[in-house]
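In what follows, a structure is listed as structure tokens, so that the remarks can point back to it.
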Amino acid sequence: MNEHLKPIAHFLENNNVDFDEDDFVELQYDVVDQLEEHNIGLEIITDVLELMETNPLVEFGSPGPLTHFIESFYMEHKREYENLLEASVTRKPSVHSLWLLNRVINGSDEKRALQLTNIMRSIYENNQLDKEISNVAQHFLE
């Protein structure tokens with residue numbers, strides 16, 4: 001994991017699900033400032049998605065500073081961003097990565113949207129996943 005993301009991982013490890021959302025968002029802003037200051041780019045996406053995989057039920061914001069940061073690479077590196085996101089949700093979907101996937105689906109051409117929607121459907125149909133993950137996938141499919 002990238003050193004800059006460790007404060008977020010530490011925060012999540014040391015707080016229960018009912019943590020103060022304002023503190024969490026403020027921490028994300030601080031981390032994003034550090035990422036920008038150190039010219040961290042596209043390479044951070046994998047680490048952010050892995051952080052989401054490790055914390056599958058955490059909502060990182062709507063969309064949240066960390067999401068804004070990684071999505072800033074989307075237009076210039078669309079296919080790579082989509083491939084990283086697709087690999088993450090296939091490996092271990094999270095509430096927030098499904099939200100990211102839905103945003104990509106909504107901005108994709110019909111063929112790509114269908115491919116990604118099929119991934120969302122397979123997540124919804126996977127009985128091995130936490131019910132909350134399945135519910136999020138169902139919500140986006142509807």
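One is the number of the first residue; the rest follow in order along the sequence. Just the heavy atoms: all of them, side chains too, but no hydrogens, waters or symmetry mates, feed the values below.
- Of the possible polar contacts, one joining the Asp47 side chain to the Asn2 backbone as a donor-acceptor pair under 3.5 Å is found.
- Residues Asn14 and His10 have side chains that bring a donor and an acceptor to within less than 3.5 angstrom of each other.
- With hydrogens and angles disregarded, a donor-acceptor distance shorter than 3.5 Å links the side chain of His38 to the backbone of Gln34.
- Side-chain contact check for Asn106 and Arg103: no donor-acceptor pair (N or O, by modelled atom type) lies under 3.5 Å.
- Judged by distance alone, the side chain of Glu13 and the main-chain N or O of Phe11 form no donor-acceptor pair under 3.5 Å.
- Side-chain atoms of Asn55 never come within 3.5 Å of backbone atoms of Val58 as a donor-acceptor pair (strictly under, hydrogens ignored).
- The number of heavy atoms from other shown groups lying within 6.0 Å of CD (Glu76) does not exceed 12.
- With contacts defined as side-chain heavy-atom distances shorter than 4.5 Å, the pair Pro65/Phe60 does not qualify.
- Using modelled atom types, one finds no donor on one side chain facing an acceptor on the other under 3.5 Å when comparing Ser97 with Glu53.
- For the residue pair Tyr74/Glu82, the side-chain donor-acceptor check at 3.5 Å is satisfied.
- Note that OG of Ser134 is 6.5 Å distant from CD of Gln138, once rounded to the nearest 0.5 Å.
- For Glu21, the CD atom counts as loosely surrounded, since its 6.0 Å shell holds 12 or fewer non-hydrogen atoms of other residues, nucleotides or ligands.
- Closest heavy-atom contact between Phe69 and Ile40: CZ-O, 3.3 Å.
- Cluster annotation: Leu57 and Tyr124 are assigned to the same hydrophobic cluster (Ile/Leu/Val/Met/Phe/Trp/Tyr, side-chain heavy-atom contacts under 4.5 Å, transitive).
- Note that CD1 of Ile123 is 6.5 Å distant from CG of Leu101, once rounded to the nearest 0.5 Å.
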